[in-house]
There are 2 protein chains.
Amino acid sequence: MSSIPAKKSLVSPGRKPMISREDIIAAALKLLGPSRSVSTLSLREVAREAGIAPNSFYRHFRDMDELAVALIDMAGESLRQIIGDARQRATLEVSVVQSCTDAFMEQLRADDRLLHILLREGTVGSDAFKRAVERQLSFFEEELGQDLIRLAALKGSGLCQPALTAKAITRLVFTMGATVLDLPRDKQDELAAQIVKMVRMIIAGTQTLAAIGAKKTD
Amino acid sequence: MSSIPAKKSLVSPGRKPMISREDIIAAALKLLGPSRSVSTLSLREVAREAGIAPNSFYRHFRDMDELAVALIDMAGESLRQIIGDARQRATLEVSVVQSCTDAFMEQLRADDRLLHILLREGTVGSDAFKRAVERQLSFFEEELGQDLIRLAALKGSGLCQPALTAKAITRLVFTMGATVLDLPRDKQDELAAQIVKMVRMIIAGTQTLAAIGAKKTD
DNA sequence: GCCAATACAATACAATCGTCTATACAGTTG
DNA sequence: CAACTGTATAGACGATTGTATTGTATTGGC
């Protein structure tokens with residue numbers, strides 16, 4: 001992506017920046033929590049937390065919306081990294097599904113603020129914000145779709161509309177994940193188990209439909 | 001459920017109310033839209049729209065939060081009514097799934113503000129608000145679960161964990177519905193078709209898993 | 001007709017918001 | 001050294017927020 005002060009001379013005369021984009025992002029993250037969403041953050045509040053004057057915010061972001069989009073992009077990249085790792089750790093013993101959902105739930109429980117944002121704020125906020133969330137979700141769907149195809153080929157099981165299946169799984173897991181965040185610790189495991197079952201249900205469904213479709217075309 | 005001035009003398013001397021709870025709710029609904037969520041509404045704004053002084057708002061609601069919960073409850077009841085009708089209209093020709101999702105999508109397209117709220121604001125807002133949404137969703141799941149059981153008995157097909165299946169379908173349809181709201185008219189039908197397929201996928205999955213489970217216990 | 005109860009309006013308050021202008025500071029460059 | 005330049009700050013503006021207080025209009029029962 002591109003940082004805001006796009007035009008930057010090779011040497012930079014003038015006062016050294018006291019604060020970076022990342023510092024502001026960190027400050028914003030510190031303010032966020034289970035009962036505090038990005039859309040309720042004010043510019044002044046973030047600036048206060050970052051220890052800068054309200055106006056200094058503008059040196060790094062055009063407005064709060066741009067900060068929000070930056071947060072979403074970070075969240076998406078972070079989670080894809082995590083899931084990517086989990087994918088590679090998956091063996092023939094531990095299924096990809098189990099491995100990935102485990103990683104997902106672990107990250108949920110780690111109270112990852114970035115993940116919070118990605119899960120729960122896709123439906124409110126500015127258009128730019130919603131589009132950013134949608135983009136990250138579609139990245140996920142794409143990767144998951146590839147996974148499903150690979151998995152089906154490996155196991156020789158059918159696969160009905162991989163893209164659609166990936167979309168269903170992604171959206172379902174993300175909403176369910178969002179509700180997990182509001183649950184007390186002791187109920188989280190229960191819901192986590194439910195999520196895994198739901199995913200298996202969808203996968204079983206796509207395989208069954210594929211089998212029926214194949215039979216019909218015989 | 002209960003109006004705010006709970007203590008009401010049997011006889012009521014005094015000025016007649018010029019405005020009702022419902023008027024305020026109507027004003028709030030008029031302000032809402034695709035790019036305006038309940039959580040961004042201010043008390044003054046609603047009062048202005050309703051044509052009353054800011055303070056008069058308190059005669060009917062304790063705060064904006066209570067208004068929001070009232071909206072959610074209305075939305076839930078409304079949609080359940082609609083789906084209930086669709087359920088009864090379903091014949092052997094037109095499946096319950098098709099009939100209900102059709103009714104759902106039709107309501108979506110009708111730009112029903114109440115439905116907007118229910119779909120997209122479950123993850124932000126106050127605890128009371130989130131709990132209200134969660135409650136309405138669980139009502140849905142309950143009814144859908146009964147439907148699934150009836151359907152399975154009728155068709156003689158298996159059914160693996162009806163409650164879980166109902167939950168998966170409900171959550172998936174609701175999130176997908178929320179993304180439909182942000183789509184241009186011409187893409188909505190496409191996504192609507194996808195949703196139906198996803199639901200069929202889950203149902204196929206639950207039946208398959210039930211069959212496997214039955215075979216195992218043989 | 002009067003009284004008490006009620007509903008609403010008017011005004012005001014402190015707090016917060018985003019943003020504008022002007023200014024002080026810290027480096028680099030000549 | 002002085003001049004320039006980009007950074008950060010200070011202060012203020014107008015707007016808006018939720019709410020407390022106070023006042024006024026209207027109604028029904030006596």
Side-chain angles (χ1 to χ4, degrees), chain A residues 2-28 31-32 35-70 124-126 128-129, chain B residues 2-28 31-32 35-70 124-126 128-129:
Chain A
S2 63
S3 57
I4 280 309
K7 44 146 189 162
K8 195 174 224 176
S9 51
L10 286 88
V11 288
S12 61
R15 191 173 170 178
K16 284 279 171 63
M18 297 186 60
I19 222 169
S20 68
R21 240 175 110 92
E22 284 65 35
D23 292 327
I24 294 182
I25 289 181
L31 290 172
L32 293 174
S35 56
R36 202 68 205 283
S37 62
V38 180
S39 44
T40 69
L41 285 186
S42 74
L43 183 150
R44 290 181 102 105
E45 208 175 359
V46 174
R48 212 179 302 136
E49 180 68 35
I52 58 172
N55 271 327
S56 303
F57 181 92
Y58 294 114
R59 293 272 161 200
H60 305 276
F61 299 95
R62 181 196 312 275
D63 49 28
M64 283 297 295
D65 228 67
E66 197 168 273
L67 208 199
V69 171
V124 289
S126 69
F129 192 91
Chain B
S2 66
S3 56
I4 280 311
K7 44 145 191 162
K8 195 174 227 178
S9 52
L10 286 88
V11 290
S12 64
R15 192 174 171 178
K16 286 281 174 63
M18 295 184 60
I19 223 171
S20 68
R21 243 176 106 93
E22 284 65 36
D23 292 327
I24 294 183
I25 290 180
L31 290 172
L32 293 175
S35 57
R36 202 69 207 282
S37 62
V38 180
S39 44
T40 68
L41 285 186
S42 75
L43 183 150
R44 289 183 104 105
E45 207 175 356
V46 174
R48 213 180 303 137
E49 180 68 33
I52 59 174
N55 272 326
S56 302
F57 181 91
Y58 293 113
R59 295 272 158 195
H60 305 275
F61 298 95
R62 183 195 312 276
D63 49 27
M64 283 297 296
D65 228 66
E66 197 169 272
L67 209 198
V69 171
V124 288
S126 68
F129 193 93

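Sequence lines set the chain letters: A, B, ... in the order given, protein chains first and strands last, and positions in each chain run from 1. Predicted model only: the values in this text are computed from it and were never measured. Keep in mind that the numbers below use all heavy atoms, side chains included, and drop hydrogens, waters and symmetry copies.
With sequence neighbours left out, the side chain to side chain donor-acceptor pair (under 3.5 Å) criterion links Ser37(B) to Ser39(B).
The separation between Arg21(A) atom CZ and dA8(D) atom P is 14 Å, rounded to whole Å. Note: CZ (Phe57(A)) to P (dT9(D)) measures 14 Å, nearest angstrom. Distance CG (Asp63(B)) to C1' (dT19(D)): 12 Å, rounded to an integer number of Å. Rounded to whole angstrom, the span from the CZ atom of Arg59(A) across to the C1' atom of dT9(D) amounts to 11 Å. Nucleotide dG18(C) holds its P atom 15 Å from the CD atom of Glu66(A), rounded to whole Å. Taking atom NE2 of His60(A) as the reference point, atom C1' of dT9(D) lies 13 Å away to the nearest angstrom. Between Met64(A) atom CE and dG18(C) atom P there is a gap of 7 Å when expressed in whole angstrom units. dG18(D) atom P lies 13 Å from atom CD1 of Ile52(B), rounded to whole Å.
With Arg36(A) contributing its side chain and Thr40(A) its backbone, the two residues share a donor-acceptor pair below 3.5 Å. Side-chain atoms of Asp63(B) come within 3.5 Å of backbone N or O of Glu66(B) as a donor-acceptor pair.
Nearest heavy-atom pair across Val46(B) and Ala27(B) is O-CB, 4.0 Å. A pairwise comparison of heavy atoms in Ala47(A) and Pro54(A) identifies CB-CA, 3.8 Å as the closest pair.
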Write down the protein N/O and nucleotide N/O pairs, taken from nucleotides 20-24 of chain C, whose separation is under 3.5 Å; answer none if there are no such pairs.
residue: dC20(C); atom: N4; partner: Asn55(A); partner atom: OD1; Å: 2.9
residue: dC20(C); atom: N4; partner: Asn55(A); partner atom: ND2; Å: 2.1
residue: dT21(C); atom: O4; partner: Asn55(A); partner atom: ND2; Å: 3.1

Taking only N/O atoms, report every protein-nucleotides 12-15 of chain C pair under 3.5 Å with atom names and distance.
none

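Dashed line: the shortest gap from a side-chain N or O of Lys16(B) to OP1 or OP2 of dA25(D) is not under 4.0 Å.
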Step-by-step side-chain contact (heavy atoms from CB on, under 4.5 Å) determination, Phe61(B) to Val69(B): CA-CA 10 Å; Phe61(B) 298 95; Val69(B) 171; over 6 Å; no
Residue pair His60(A), Ile19(A): steps toward the side-chain contact (heavy atoms from CB on, under 4.5 Å) verdict: CA-CA 9 Å; His60(A) 305 276; Ile19(A) 222 169; 3.5 Å; yes
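Of the candidates dT19(C), dG18(D), dT9(D), dG18(D) carries the atom nearest the Ser42(B) side chain, counting heavy atoms from C-beta on.
With values rounded to the nearest 0.5 angstrom, Ile52(A) atom CD1 is found 7.5 Å from Phe57(A) atom CZ. Distance CZ/Arg44(A) to CG/Asn55(A): 8.5 Å, rounded to 0.5 Å.
The nearest heavy atom of DNA chain C to Met18(B) and to Arg48(A) marks one nucleotide each, and the one closer to the 5' end goes with Met18(B).
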